[in-house]
Amino acid sequence: MLNWHKQSNLNKYKRRNNFSKLVPLDSYLIMAKHHIYKTNLVWVGNKGSGTMDYRSYDRDFTVEIEGKMPIQGSSDSVFLGDKSKYNPEDLLLSSVSSCHMLWYLHLCSKNGIVVIEYTDNATGTMTENADGSGKFTEILLQPQVVISKPEDISWANSLHAEASRMCFIASSLNFPVKHQASCTAIGK
């Protein structure tokens with residue numbers, strides 16, 4: 001348990017910065033937490049001859065996570081996948097976009113900014129190399145936010161930088177995640 005002096009200093013640091021997740025440099029105050037996530041991926045694209053040749057199988061798969069609805073996926077249609085199903089690239093982009101949104105909503109809530117609507121038309125750029133390999137080179141988040149008070153627009157826009165910093169998914173990537181945010185207030 002923290003003694004009063006250390007806890008008091010921690011509270012002062014948080015109040016001074018208005019961010020709920022910032023912690024002081026005193027590493028003895030906050031310990032890292034580890035979270036474990038598990039999925040079960042099942043390939044369901046065997047047409048009877050397995051992967052005998054490139055066109056002999058479907059790219060379809062199911063992602064199963066205990067207690068949740070399954071996700072039906074496939075590769076991008078460019079790679080002979082089913083365009084009606086989510087592909088790994090879709091899921092990566094959605095993960096970054098939703099993680100940013102959840103952190104942003106949290107930060108707004110902690111800072112007294114009431115968000116009424118939030119949408120994001122995110123785009124991701126993937127470069128494919130001549131040998132078929134590739135990688136994402138950038139994600140651009142374009143959140144459009146509606147808040148309750150016009151006087152909070154500037155502060156609300158500034159919280160996107162902190163949301164980007166705090167996002168677990170974006171922090172794990174080796175390419176830039178940029179954002180072009182737009183914020184308006186009700187009736188404005």
Side-chain angles (χ1 to χ4, degrees), residues 14 17-25 27 30-43 45 59-111 113 115 117-145 147 155-183:
K14 283 184 178 181
N17 289 294
N18 289 325
F19 292 115
S20 63
K21 295 298 272 185
L22 292 180
V23 295
L25 296 177
S27 60
I30 305 295
M31 293 180 57
K33 295 179 187 176
H34 296 278
H35 302 272
I36 307 296
Y37 298 91
K38 296 181 180 182
T39 66
N40 181 39
L41 179 97
V42 179
W43 172 52
R59 278 64 179 161
D60 298 348
F61 60 87
T62 302
V63 176
E64 300 168 340
I65 301 170
E66 188 176 330
K68 299 178 183 181
M69 297 290 293
I71 298 170
Q72 303 299 316
S74 189
S75 64
D76 188 325
S77 61
V78 172
F79 308 110
L80 303 181
D82 181 342
K83 67 181 177 183
S84 71
K85 297 180 179 177
Y86 299 105
N87 62 55
E89 296 81 9
D90 294 332
L91 297 172
L92 175 65
L93 183 58
S94 298
S95 293
V96 173
S97 177
S98 59
C99 185
H100 180 91
M101 179 199 69
L102 293 169
W103 269 108
Y104 181 78
L105 295 175
H106 170 77
L107 293 169
C108 284
S109 172
K110 290 293 188 180
N111 285 280
I113 297 171
V115 175
E117 294 176 20
Y118 186 108
T119 59
D120 184 7
N121 294 305
T123 58
T125 302
M126 185 183 81
T127 301
E128 183 182 356
N129 300 317
D131 67 359
S133 67
K135 65 180 183 176
F136 270 79
T137 55
E138 178 181 281
I139 285 180
L140 175 63
L141 304 179
Q142 299 177 81
Q144 298 175 11
V145 181
I147 62 174
W155 182 240
N157 279 329
S158 73
L159 291 177
H160 283 287
E162 183 64 10
S164 267
R165 188 184 76 76
M166 298 299 289
C167 173
F168 307 132
I169 308 299
S171 297
S172 301
L173 303 175
N174 67 354
F175 56 86
V177 176
K178 301 175 181 177
H179 60 274
Q180 291 177 339
S182 162
C183 184

Which pair of heavy atoms, one from [X] and one from [Y], lies closest together, and at what distance?
| X | Y | result |
| --- | --- | --- |
| Tyr86 | Asp90 | CA-OD2, 3.7 Å |
| Cys183 | Asn157 | CB-OD1, 3.2 Å |
| Ser97 | Asp120 | OG-OD2, 2.7 Å |
| Phe175 | Leu92 | CZ-CD2, 4.4 Å |

Heavy-atom side-chain contact between [X] and [Y] under 4.5 Å:
| X | Y | answer |
| --- | --- | --- |
| Cys108 | Leu159 | yes |
| His179 | Ser164 | yes |
| Lys178 | Leu141 | no |
| Ile169 | Ser95 | yes |
| Glu89 | Asp76 | yes |

Measure from the side-chain N and O atoms of [X] to the backbone N and O of [Y], and report whether any donor-acceptor pair falls under 3.5 Å.
| X | Y | result |
| --- | --- | --- |
| Ser77 | Lys83 | no |
| Ser74 | Gly81 | no |
| Asn111 | Leu107 | yes |
| Gln142 | Asn121 | yes |
| Tyr104 | Cys99 | no |
| Asn129 | Gly132 | no |

Test side-chain contact (heavy atoms from CB on, under 4.5 Å) applied to His100 and His160, step by step: CA-CA 8 Å; His100 180 91; His160 283 287; 2.9 Å; yes
Could you state the interatomic distance from [atom1] ([X]) to [atom2] ([Y]), rounded to the nearest 0.5 Å?
| X | Y | atom1 | atom2 | answer |
| --- | --- | --- | --- | --- |
| Ser171 | Trp103 | OG | CH2 | 9.5 Å |
| Thr62 | Trp43 | OG1 | CH2 | 12.5 Å |
| Thr119 | Met101 | OG1 | CE | 10.5 Å |
| Glu162 | Cys167 | CD | SG | 12.0 Å |
| Asn40 | Glu66 | CG | CD | 10.5 Å |
| Asp82 | Gln72 | CG | CD | 10.0 Å |

Phe79 atom CZ, over 12 foreign heavy atoms within 6.0 Å: yes
Would Lys38 and Ile65 count as a side-chain contact (heavy atoms from CB on, under 4.5 Å) if you check the C-alpha gap in whole Å, the side-chain angles of each, and the deciding distance to 0.1 Å? CA-CA 7 Å; Lys38 296 181 180 182; Ile65 301 170; over 6 Å; no
Tell me, with the steps shown, if Asp60 and Lys85 meet salt bridge (Lys or Arg N to Asp or Glu O under 4.0 Å). CA-CA 8 Å; Asp60 298 348; Lys85 297 180 179 177; 3.2 Å; yes
Show the numbers, then the answer: is there a side-chain contact (heavy atoms from CB on, under 4.5 Å) between Ile139 and Leu93? CA-CA 7 Å; Ile139 285 180; Leu93 183 58; 3.7 Å; yes
Working for side-chain contact (heavy atoms from CB on, under 4.5 Å), residues Phe136 and Thr125: CA-CA 6 Å; Phe136 270 79; Thr125 302; 5.9 Å; no
